[in-house]
Each structure stands twice: as C-alpha cells, then as structure tokens.
Amino acid sequence: LAVPKGLQGDAAHSHELWIIPAGGKPHSIGVMPARKQMHMQLDIAAAALLGQGAALAISVEPRGGSPTGQPTGPVIASGTLVSA
C-alpha cells in the first residue's frame, strides 16, 4: 500500500491504516511511512477482521498516529473488501 499521490502529508502529520470490520469499530494496523510503499504481515487477530464487508481506510493523524486508538482526522482513502 502507498498513500495516494497528492495526498501525502506534511511534517506535522502521519497517515494511519485501519481495518474496519463489517459493523465494527476501526482497528489500527499501523502508521504508514511518508512517501514510501508499505508492506506488512498481519497478526492473526488483525487478519481475522478481514472478512466479507470489512474495509480498509487511511486517516490523517498527528505525527506518530492517533492519540486515542481511533481515527481522529479525516479519512483520505477507503475501500470495502469483496470476494474475488
């Protein structure tokens, strides 16, 4: 994953990647590196949230990530997962 071009942040903000299970609350899976692609392995608990209807979202957060454990800034990209 990479932050879409034109949506890269500034020195005061980070982009955080979230899994949102169908009908559930967002779960952070990490702060995205600035201007670099991101590759990660999900732990078993995070992978279990990726069922049909779950979504991935990227929010703009204070540098280092959300201080609350939930998204606090605007969502700049999102998409729902569907079976292939």
Side-chain angles (χ1 to χ4, degrees):
L1 277 174
V3 174
K5 287 189 180 218
L7 296 178
Q8 281 100 3
D10 54 49
H13 297 93
S14 293
H15 292 98
E16 194 158 354
L17 181 61
W18 304 86
I19 296 174
I20 307 165
K25 292 184 178 184
H27 297 269
S28 175
I29 54 174
V31 174
M32 300 177 72
R35 296 179 178 82
K36 295 180 183 176
Q37 288 188 346
M38 177 181 179
H39 300 271
M40 68 175 356
Q41 261 188 311
L42 297 179
D43 62 30
I44 292 170
L49 299 174
L50 292 174
Q52 181 72 21
L56 294 177
I58 300 170
S59 65
V60 178
E61 300 297 338
R63 177 61 52 205
S66 171
T68 68
Q70 292 292 297
T72 62
V75 172
I76 59 169
S78 66
T80 302
L81 302 176
V82 295
S83 296

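Under the 4.5 Å side-chain heavy-atom criterion for grouping Ile, Leu, Val, Met, Phe, Trp and Tyr, Met32 is connected to Ile76 within one hydrophobic cluster.
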Let me have the donor-acceptor pairs involving side chains of residues 48-60, under 3.5 Å, with sequence neighbours excluded, atom names and distances please.
from	atom 1	to	atom 2	distance (Å)
Gln52	OE1	Ser83	N	3.3
Gln52	OE1	Ser83	OG	2.8
Ser59	OG	Trp18	NE1	2.7
Ser59	OG	Glu61	OE2	2.7

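Contact of the Pro67 side chain with the Pro62 side chain is registered, since non-hydrogen atoms from C-beta on lie closer than 4.5 Å. No side-chain heavy atom of Glu16 sits less than 4.5 Å from a side-chain heavy atom of Pro71.
For Gln41, there are no side chain to side chain donor-acceptor pair (under 3.5 Å) partners, not counting sequence neighbours. Under the side chain to side chain donor-acceptor pair (under 3.5 Å) criterion, Thr80 pairs with no residue, sequence neighbours left out. With sequence neighbours excluded, the residues satisfying side-chain contact (heavy atoms from CB on, under 4.5 Å) with Ala46 are Ile19, Ile29, Leu42, Asp43.
Of all heavy-atom pairs between Ser66 and Thr72, the closest is OG-CG2, 3.7 Å. For the residue pair His13 and Arg63, the shortest heavy atom distance occurs at O-NH2, 2.6 Å.
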